[in-house]
Amino acid sequence: MSALLSQKHLQDEEAAYTWVEAQVWPNGPQCPHCYEQKRVSKMKGKATRLGLYKCYACRKQFRVTVGTIFEKSHVPLHLWLQAFYLIAGSKKGISANQIHRTLGVTLKTAWFMGHRIREAMRAGSLIPPMGGAGEIVELDETTQGRRKDAPKKLPTRVYGGWAHRNIVFSLVQRGGQVRSFHVEATTIAELLPIIRANIRKETALMTDAAIWYKYMNKDGEFASHDRVDHSKEEYARYEEGRPVIHTNTVEGYFSLFKRGMRGVYQHCAEKHLHRYLAEFDFRYNNRVALGINDEQRAVKMLKGARGKRLTYRTTDRPAQ
């Protein structure tokens with residue numbers, strides 16, 4: 001069995017273009033300007049750039065990189081693919097310093113490549129809600145890093161001790177997927193719209209005993225809502241004829257997220273938090289337990305690279 005990174009499309013630039021074209025254009029090349037497919041042909045010649053096509057409908061030239069996170073990048077495409085494989089196969093992430101050392105690119109380039117790839121991992125807004133009849137979704141929140149505008153010296157008594165921290169809110173379906181959000185506060189007014197938009201009404205909800213969850217389902221909007229009280233050392237509750245009541249699944253997801261953020265990335269500015277959440281969500285949603293290996297995960301990441309061109313000027317802009 002050969003090493004994963006020894007595959008031809010990860011070592012040879014022409015093979016890299018051929019492989020990316022097969023993934024991005026499964027039905028043949030398509031002009032990104034006018035979407036023509038029939039009157040398109042590959043340009044040939046000694047002076048022609050690698051992978052260059054011409055559309056004879058709009059008379060424009062293009063490559064498979066147009067309209068993707070690779071557009072106008074000076075980094076060879078096969079190195080981009082190596083970065084995809086490294087990030088896809090690193091359970092807790094891989095730092096920009098490690099990419100810099102492994103691929104031989106500058107640290108600034110490695111950092112920027114990482115953020116572009118995280119954009120490719122970010123799910124769209126049209127994904128269907130989670131859960132359904134007979135399904136369980138666990139909800140919980142955690143903190144990550146310091147808010148940009150938080151004072152360095154805090155009052156002696158800060159409510160919940162979270163006033164200076166970034167708050168992450170996650171929904172995890174048991175045996176399924178996760179969705180994480182960077183929220184402003186842990187109030188029902190802040191969390192309930194997210195819950196309603198992302199979870200089907202037939203779903204059973206499980207949370208801890210935090211006060212903001214107390215009246216979350218007072219109108220019977222969802223199938224059920226059960227809570228466990230960690231302050232009383234209750235981490236799972238067994239009731240006859242019902243699934244075990246706990247939030248251990250979402251806590252397990254947070255353990256991966258925390259280990260990655262503290263042990264690998266170490267620091268994350270608030271304006272970039274949404275991209276790191278997208279990275280950890282993507283790997284969890286495409287894990288081996290769901291039948292997806294490292295190579296398949298990298299291919300799915302690549303397919304998400306279309307329509308997400310990210311320039312140096314927009315790297316620090318938050319998701320819309």
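His230 is linked by a ring-ring contact (aromatic ring centres under 6.0 Å, His included) to Tyr235, counting only residues two or more places apart in sequence or in another chain. Every residue meeting the side chain to side chain contact (heavy atoms under 4.5 Å, CB included) condition with Gln23, not counting sequence neighbours, appears here in chain and number order: Trp19, Val299, Leu302, Lys303.
In this structure, Tyr253 and Phe257 have parallel ring planes: the angle between them is below the 30° cut-off, well short of the 60° mark.
A salt bridge links Glu221 with Lys201; the closest basic N to acidic carboxylate O contact falls under 4.0 Å. The residues Arg147 and Glu184 are annotated as salt-bridged, a charged nitrogen and a carboxylate oxygen being separated by less than 4.0 angstrom.
No path of Ile, Leu, Val, Met, Phe, Trp and Tyr side chains, each step under 4.5 Å between heavy atoms, connects Phe84 with Tyr276, placing them in separate hydrophobic clusters. Both Trp212 and Leu139 are assigned to one and the same hydrophobic cluster, defined by single-linkage of ILVMFWY side chains at heavy-atom distances under 4.5 Å. In the hydrophobic cluster analysis, where Ile, Leu, Val, Met, Phe, Trp and Tyr join through side-chain heavy atoms closer than 4.5 angstrom, Met301 is grouped together with Met113. In the hydrophobic clustering of ILVMFWY residues, with side-chain heavy atoms under 4.5 Å counting as a link, Ile167 and Phe169 come out together. Both Val24 and Val40 belong to a single network of hydrophobic side chains, linked directly or stepwise wherever heavy atoms of I, L, V, M, F, W or Y lie under 4.5 Å apart.
With a 6.0 Å cutoff to the six-membered ring centre and a 45° limit on the axis angle, Arg275 does not count as a cation-pi contact of Tyr265. In this structure, Arg283 is positioned above the aromatic face of Phe280, its NZ or CZ under 6.0 Å from the six-membered ring centre and within 45° of the axis.
The environment of Lys54 atom NZ is dense: over 12 non-hydrogen atoms of other residues, nucleotides or ligands sit within 6.0 angstrom. Other residues, nucleotides and ligands contribute at most 12 non-hydrogen atoms within 6.0 Å of the NZ atom of Lys214. Residue-environment remark: CZ (Arg237) exceeds the threshold of 12 foreign heavy atoms within 6.0 Å.
For an aromatic pair to be called close, the ring centres must be under 6.0 Å apart, and Phe70 with Tyr17 fails this. The ring of Trp25 has its center closer than 6.0 angstrom to the ring center of Tyr53.
For the pair Glu13 and His78, the tightest heavy-atom approach, listed with the atom from each and the gap, is OE1-ND1, 2.7 Å. The heavy-atom pair separating Ile292 from Lys300 by the smallest distance is CD1-NZ, 4.3 Å.
For the pairing with Val137, the side chain to side chain contact (heavy atoms under 4.5 Å, CB included) check across Thr207, Val250, Thr249, Ile199 returns one residue only, Ile199.
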Before you tell me yes or no, could you show the steps for Lys148 and Lys271 under side chain to side chain contact (heavy atoms under 4.5 Å, CB included), namely the whole-Å CA-CA distance, both residues' side-chain angles and the distance that decides it to 0.1 Å? CA-CA 9 Å; Lys148 182 180 179 181; Lys271 63 186 177 183; 5.9 Å; no
Set out, in order, the CA-CA distance, both residues' side-chain angles and the distance that settles side chain to side chain donor-acceptor pair (under 3.5 Å) for Ser180 and Asp281, then state yes or no. CA-CA 7 Å; Ser180 300; Asp281 280 4; 2.9 Å; yes
After noting the C-alpha distance and the side-chain angles of Arg122 and Glu119, does the key distance pass the salt bridge (Lys or Arg N to Asp or Glu O under 4.0 Å) rule? CA-CA 5 Å; Arg122 189 157 57 89; Glu119 279 294 304; 2.7 Å; yes
Mind listing the side-chain donor-acceptor pairs of residues 55-62 below 3.5 Å, one per line with the distance, residues two or more places apart or on another chain?
none

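Between Met121 and Leu277, the closest side-chain pair of non-hydrogen atoms is not below 4.5 Å.
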